[in-house]
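Chain naming here is simple, since letters A, B, ... match the order of the sequence lines and numbering starts at 1 in each.
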2 protein chains.
Amino acid sequence: MQELLSQITIKVNEDLFIKNPDSSKLGRRIISNSIELIEEIGFEAFNFKKLGKRIGSPECTIYRYFENKQKVLLYLTSWYWSWLEYKMVFATANISDSHLKLSKAIEVLTETVEQDLSFSHINEFLLNRIVISESVKSFFTREVDSDNEAGVFKVYKRIVQRVSDMILTINKDFEYPHMLVSIVIEGSHQQRHFADHLPALTDIIEGKGGISDFFNRMVFKTIDVS
Amino acid sequence: MQELLSQITIKVNEDLFIKNPDSSKLGRRIISNSIELIEEIGFEAFNFKKLGKRIGSPECTIYRYFENKQKVLLYLTSWYWSWLEYKMVFATANISDSHLKLSKAIEVLTETVEQDLSFSHINEFLLNRIVISESVKSFFTREVDSDNEAGVFKVYKRIVQRVSDMILTINKDFEYPHMLVSIVIEGSHQQRHFADHLPALTDIIEGKGGISDFFNRMVFKTIDVS
DNA sequence: CTTTATTGATAGTAATACTATTATTTTTGT
DNA sequence: ACAAAAATAATAGTATTACTATCAATAAAG
């Protein structure tokens with residue numbers, strides 16, 4: 001997979017940047033350092049001044065790439081979902097058994113991510129951690145409707161649709177496939193966050209498995225396959 | 001219930017305020033206007049200057065009640081969870097059938113809220129909307145650990161524990177009760193938000209029912225009761 | 001090797017989040 | 001009813017944040 005992916009560039013919605021960060025060395029430095037910095041200090045404390053200091057450029061230079069820090073987060077999460085869609089499609093391709101296929105998809109969506117060296121300037125391991133603890137902020141804002149209209153959530157929605165279709169293949173009468181899938185995706189993030197910070201709200205232990213198993217069970221039971 | 005509740009004051013964790021807003025007319029005005037203002041303009045745009053203007057007091061006066069706007073949000077959500085715990089305990093009291101009891105609890109947790117006149121200065125309908133669209137921000141912050149240590153999430157955790165116990169009464173071997181309950185609570189909020197803003201991620205239609213039914217089904221199927 | 005695009009240096013503005021000081025009003029105890 | 005104490009208002013001020021403008025320096029492209 002590594003060789004294959006190294007030939008591929010992930011294209012992110014053009015509304016999210018002013019100048020494509022993938023088009024220059026500085027742009028890629030902005031991305032890789034954003035990931036590290038957000039992961040270190042959290043999105044609230046993250047700003048272009050600190051990022052500029054880290055990469056040795058004034059903040060106005062970063063403003064030539066991104067309108068504001070919210071767009072950076074949207075860029076990162078959009079990139080992540082495109083990357084994960086690719087992984088999911090790859091992992092489920094040519095599986096004829098529909099149960100196994102769905103199970104594999106759920107695993108990709110709920111497991112944590114290891115470092116992937118295909119995209120040198122993006123640390124997928126850290127990006128996964130950012131998505132877990134910060135991405136929810138990108139759709140609980142007042143801009144959600146305009147962002148959505150601009151197509152920012154297109155890939156995310158496509159992932160949900162893909163897995164929904166797998167569910168409908170197994171049970172064509174199930175009425176809530178999108179709901180179930182978005183609960184799996186967001187729920188798995190939330191449970192990992194809880195495991196780290198509010199263990200009373202979960203039953204999984206940090207570092208140990210269990211998340212994928214749980215969601216697999218939940219999905220198959222709920223769509224009623226005996 | 002109205003008469004009973006009117007005798008009761010909901011006590012909120014003392015770490016959340018400097019001066020108890022429930023102890024003065026101005027304090028109660030701060031609370032009721034915070035609810036209205038946050039619901040109107042969103043938590044991001046909400047600040048003490050705007051709130052002060054609205055209630056005709058300078059911002060420094062509000063700072064004598066609350067350290068910052070995050071504490072106001074935590075105060076409101078804490079209040080909400082205490083209120084909802086009360087409603088839930090009341091709605092499930094004296095039900096001996098454990099299935100019915102759990103079902104009733106899920107309904108209280110996932111249904112939207114009507115205006116309740118028991119607490120004159122708090123608009124529970126608006127507060128429920130705030131909890132749906134803003135409360136997630138209170139545990140996805142860098143302060144989550146210290147807030148948790150201060151006991152801010154105590155009532156929320158107790159609700160999860162109560163419903164977990166109901167689940168264990170039905171199936172004592174179920175391994176993930178807390179996880180399932182927190183997914184139900186947060187999931188129902190998220191799905192309502194999606195219905196409003198990202199309908200492709202859900203199957204429910206705004207205003208129509210379905211949420212409670214879905215989560216009821218999901219829970220009973222997942223804990224494996226035939 | 002000159003034109004054009006990109007980046008850096010410097011500076012500045014408006015808004016936000018919060019604090020300090022003192023005057024005024026309200027509440028409380030007697 | 002009145003003095004003492006507490007709460008609130010008025011005013012002002014600081015540090016940080018988010019963002020913009022201008023122009024010089026550097027790098028890239030034709």
Side-chain angles (χ1 to χ4, degrees), chain A residues 14-34 37-38 40-76 121 134 137-138 140-143 146-147, chain B residues 14-34 37-38 40-76 121 134 137-138 140-143 146-147:
Chain A
E14 303 221 331
D15 287 338
L16 292 177
F17 50 76
I18 297 163
K19 178 177 157 66
N20 193 341
D22 208 35
S23 70
S24 74
K25 212 175 156 183
L26 181 65
R28 287 186 293 273
R29 268 171 64 72
I30 288 173
I31 295 305
S32 58
N33 282 276
S34 288
L37 191 54
I38 292 173
E40 274 170 36
I41 65 176
F43 185 66
E44 259 64 68
F46 167 80
N47 64 41
F48 285 178
K49 187 146 198 178
K50 290 174 188 163
L51 178 59
K53 198 167 184 178
R54 193 182 174 105
I55 63 175
S57 289
E59 46 179 342
C60 65
T61 297
I62 301 160
Y63 277 105
R64 290 206 191 88
Y65 283 86
F66 289 102
E67 208 182 315
N68 51 48
K69 69 174 185 172
Q70 284 76 17
K71 297 276 158 132
V72 173
L73 183 60
L74 282 170
Y75 180 93
L76 295 177
H121 68 297
E134 315 285 359
K137 289 165 193 167
S138 62
F140 280 96
T141 63
R142 289 274 138 165
E143 290 76 38
S146 55
D147 286 342
Chain B
E14 304 220 334
D15 288 336
L16 292 178
F17 50 77
I18 297 163
K19 178 177 156 68
N20 193 340
D22 209 36
S23 72
S24 74
K25 212 177 156 182
L26 181 65
R28 287 186 295 272
R29 269 170 62 72
I30 288 173
I31 294 305
S32 58
N33 282 276
S34 289
L37 192 54
I38 291 172
E40 274 170 37
I41 64 175
F43 185 65
E44 259 63 70
F46 168 79
N47 64 39
F48 286 180
K49 188 146 199 180
K50 290 175 188 164
L51 178 60
K53 197 167 186 181
R54 192 181 175 107
I55 64 176
S57 288
E59 46 179 339
C60 64
T61 298
I62 301 160
Y63 277 105
R64 290 209 193 81
Y65 284 86
F66 290 102
E67 210 182 314
N68 52 45
K69 69 173 186 173
Q70 284 75 16
K71 297 277 159 132
V72 173
L73 183 59
L74 281 170
Y75 179 94
L76 295 177
H121 68 296
E134 314 284 359
K137 289 164 194 169
S138 62
F140 280 97
T141 64
R142 288 274 139 164
E143 290 76 39
S146 55
D147 285 342

### Query
Of the residues in residues 26-33 of chain B, which ones touch DNA chain C at a heavy-atom distance under 4.0 Å?
none
### Query
Listed in order of residue number, which residues of residues 54-69 of chain A have a non-hydrogen atom at under 4.0 Å from DNA chain C?
A:S57, A:P58, A:C60, A:T61, A:R64, A:Y65
### Query
Parallel, tilted or perpendicular: which describes the rings of A:F46 and A:F43, with under 30° parallel and over 60° perpendicular?
parallel
## Note on the structure
Residues passing the salt bridge (charged side-chain N to carboxylate O under 4.0 Å, His left out) test with B:K69, sequence neighbours excluded, are none
### Task
Using chain A heavy atoms and a threshold of under 4.0 Å, write down where along DNA chain D the contacts begin and end, 5' to 3'.
D:dA18 to D:dA21
How many whole angstroms separate atom [atom1] of [X] from atom [atom2] of [N]?
X	N	atom1	atom2	value
B:I18	C:dC18	CD1	C1'	11 Å
B:K19	C:dT26	NZ	P	15 Å
B:K49	C:dT19	NZ	C1'	14 Å

### Task
Kindly indicate, with the supporting measurements, whether the criterion side-chain contact (heavy atoms from CB on, under 4.5 Å) is fulfilled by A:I62 and A:S57.
CA-CA 8 Å; A:I62 301 160; A:S57 289; 5.5 Å; no
### Query
Can you list the residues that meet the side-chain contact (heavy atoms from CB on, under 4.5 Å) rule with A:K50, with sequence neighbours excluded?
A:L37, A:I41, A:A45, A:N47
### Query
At their closest point, which heavy atom of B:F66 faces which heavy atom of B:I18, and how far apart are they?
C-CD1, 3.8 Å
### Closest non-hydrogen atom pair, A:L73 against A:E134
CD2-O, 3.8 Å
Spacing of [X] atom [atom1] and [Y] atom [atom2] [to the nearest 0.5 Å]:
X	Y	atom1	atom2	answer
A:S138	A:E143	OG	CD	11.0 Å
A:K53	A:N33	NZ	CG	14.5 Å
A:N20	A:S23	CG	OG	5.0 Å

### Angle of first-five versus last-five pair axes in the helix from C:dC1-D:dG30 to C:dT30-D:dA1, to 10 degrees
30°
### Query
Do we see a donor-acceptor contact under 3.5 Å between the side chains of B:Y65 and B:S24?
yes
### Query
Between the side chain of B:K137 and the main-chain N/O of A:F140, is any donor-acceptor distance below 3.5 Å?
yes
### Query
Near B:K19 NZ, under 6.0 Å, is it more than 12 heavy atoms from other residues, nucleotides or ligands?
yes
### Task
Check whether any side-chain heavy atom of A:F48 lies under 4.5 Å from a side-chain heavy atom of A:V72, and answer yes or no.
yes
